[in-house]
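The block underneath contains the structure these notes are about, expressed in structure tokens.
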Amino acid sequence: VSTQSTWGISRNQRKMEFQEFVKNMPTFTKYYMAGTLVCALLVSTKLLGYQWLYLDFEFVFQKLQIWRIITNYLFFGKFSVGFLFQLVIIYFSCSKVERLYQTPQAIAEFFYLVLFVGAMVVPLAWIADYHYFNGNAFIFGLLYIWCKKCPFEKVQFLFGFIVTSAYLPWILLVYDLIIGGSIVPNLIGIAAGHTYIFLKDILPNSHRINVLKTPKFFEKLVLKAKGYKPVPGNIGGRFQQAPPEPQGWRPFQGQGVRLQ
């Protein structure tokens, strides 16, 4: 009885810890991982074929299969050990970047970053003839951006190997080469991520040209969806969180991770 009671307490504790982990997960990271799991579940259980998920502009525009614009970023394969490792990479990359943009003023900039990287990998993938599923390239682009913005972080890789974040994209690239994987998505992600870094951080400092400034309409749209509103009379563009509505549903309600 004592053993069963201890097991029950341990199980409840793990359940609570998991619920707290999901609750504290950044918004985009949470929904992106949920979409990834749903796509993997549908294909793994044969409720849906992967042929319905890849990007094909002929299907998108001629047959109005609009969902392909999104699902090609969400499918990373069926449930497997490799898929679990990919989930760790997804969580690490998305959450690390998203947590750099947690102030209300920066939330819209983060989603603008997501749109830019997502859009950038598509033409690069078509050039490389690797364009049906763009999730790996997209995630690697986010990872590259975080590594550029936080180059001195210590990250625990496989077997407890500690690496500096500035070298992490290249270490992952070499790792994929060693295990026989394709490095094309990695290179596409690096190209997309570096394009963002150049246009957003380097070019404004060197030539005072900011071509990736977040549009005001986009900023207002994102902040409204997140439940923020402009502070009356505030010229600086800062935002405060709106009080919760008494009834009704509203969208988007709701720590670093080691690679090992």
Side-chain angles (χ1 to χ4, degrees), residues 18-19 21-98 110-111 113-126 128-146 172 175-176 179-189 192-193 222 225 249 251-254 257 259:
F18 177 76
Q19 290 174 342
F21 170 74
V22 174
K23 180 181 178 181
N24 293 330
M25 194 179 297
T27 302
F28 174 79
T29 305
K30 182 187 304 182
Y31 284 98
Y32 190 89
M33 291 192 69
T36 298
L37 288 169
V38 168
C39 288
L41 177 64
L42 291 175
V43 175
S44 297
T45 56
K46 298 183 179 180
L47 293 175
L48 190 70
Y50 73 89
Q51 298 90 343
W52 290 91
L53 303 176
Y54 67 81
L55 181 63
D56 189 315
F57 286 113
E58 180 179 348
F59 289 131
V60 170
F61 294 112
Q62 295 186 11
K63 298 186 179 181
L64 298 180
Q65 297 179 1
I66 307 298
W67 64 83
R68 293 179 183 270
I69 298 176
I70 303 298
T71 56
N72 81 93
Y73 294 102
L74 298 177
F75 183 63
F76 291 83
K78 299 179 180 180
F79 288 133
S80 64
V81 175
F83 176 79
L84 293 178
F85 179 74
Q86 187 64 53
L87 276 184
V88 175
I89 298 291
I90 292 171
Y91 174 77
F92 181 89
S93 303
C94 290
S95 63
K96 284 292 187 181
V97 176
E98 189 169 1
F110 166 73
F111 281 99
L113 178 159
V114 167
L115 287 179
F116 177 85
V117 175
M120 192 68 200
V121 300
V122 173
L124 293 173
W126 275 89
D129 195 23
Y130 207 94
H131 52 82
Y132 290 114
F133 293 103
N134 294 308
N136 282 311
F138 171 71
I139 292 299
F140 210 84
L142 296 184
L143 175 67
Y144 181 85
I145 290 171
W146 176 75
L172 287 172
Y175 173 78
D176 283 341
I179 64 174
S182 173
I183 63 170
V184 175
N186 307 47
L187 295 175
I188 294 172
V222 171
W249 178 85
F252 303 110
Q253 293 288 338
V257 65
L259 293 175

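Treat the numbers as computed from the prediction; the structure is a model and nothing was measured. Count residues from 1 along the sequence.
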Item to check | Any side-chain heavy-atom pair of Val117 and Leu113 under 4.5 Å | outcome: yes

Item to check | Straight-line distance of Phe140 CZ to Ile89 CD1, nearest 0.5 Å | outcome: 8.5 Å

Next on the checklist: Between Asp56 and Val60, does the side chain to side chain contact (heavy atoms under 4.5 Å, CB included) criterion hold? Intermediate values first, please.
Outcome noted: CA-CA 6 Å; Asp56 189 315; Val60 170; 5.9 Å; no

Next on the checklist: If I compare all heavy atoms of Thr71 with all of Leu53, which pair ends up nearest, and what's the gap?
Outcome noted: OG1-O, 2.8 Å

Item to check | Nearest-0.5 Å distance that lies between atom NE2 in His131 and atom CG in Leu55 | outcome: 8.0 Å

Next on the checklist: Using side-chain heavy atoms (C-beta onward) and a distance below 4.5 Å, is Asn136 in contact with Asn186?
Outcome noted: no

Checklist entry - Roughly how far apart are Leu87 CG and Thr36 OG1, rounded to 0.5 Å? => result 7.0 Å

Checklist entry - For atom CZ of Phe59, is the number of surrounding heavy atoms from other residues, nucleotides or ligands below 6.0 Å larger than 12? => result yes

Next on the checklist: Minimum heavy-atom separation for Phe28 and Cys94, please, with both atom names.
Outcome noted: CE2-SG, 4.0 Å

Item to check | Tyr144 versus Gly193, closest heavy-atom pair with distance | outcome: CD2-C, 3.7 Å

Next on the checklist: Using side-chain heavy atoms (C-beta onward) and a distance below 4.5 Å, is Leu37 in contact with Phe79?
Outcome noted: yes

Item to check | Validation row: Met33, Met25 side chains within 4.5 angstrom (heavy atoms) | outcome: yes

Checklist entry - Looking only at heavy atoms, which two atoms of Leu74 and Cys39 are closest? And how far apart? => result CB-SG, 3.8 Å

Item to check | For the student: nearest non-hydrogen atoms of Ile188 and Ala125, plus distance | outcome: CD1-CA, 3.6 Å

Next on the checklist: What's the separation between atom CG in Leu172 and atom CD1 in Ile183, rounded to the nearest 0.5 Å?
Outcome noted: 12.5 Å

Checklist entry - Quick one: are the ring centres of Phe83 and Phe76 less than 6.0 Å apart? => result no

Checklist entry - If you take all heavy atoms of Leu124 and Ala192, which pair is closest and at what distance? => result CD1-N, 3.8 Å

Item to check | Partner of Tyr132 by ring-ring contact (aromatic ring centres under 6.0 Å, His included), out of Trp52, Trp126, Tyr54 | outcome: Tyr54

Checklist entry - Taking the six-membered ring where the residue is Trp, are the ring centres of Tyr32 and Phe138 under 6.0 Å apart? => result yes

Item to check | Trp146 and Phe92 aromatic ring geometry - parallel, tilted or perpendicular at 30°/60° bounds | outcome: perpendicular

Checklist entry - Distance from Leu42 atom CG to Leu48 atom CG, nearest 0.5 Å? => result 5.5 Å

Item to check | Centroid separation Phe21 to Tyr91 less than 6.0 Å | outcome: yes

Next on the checklist: Quick one, Val122 and Tyr73 - any side-chain contact, counting heavy atoms below 4.5 Å?
Outcome noted: yes

Next on the checklist: Please check this pair: side chain of Glu98 against backbone of Phe110, looking for a donor-acceptor N/O pair closer than 3.5 Å.
Outcome noted: no

Checklist entry - At what distance, to the nearest 0.5 angstrom, does CG of Asn24 lie from NZ of Lys30? => result 8.5 Å

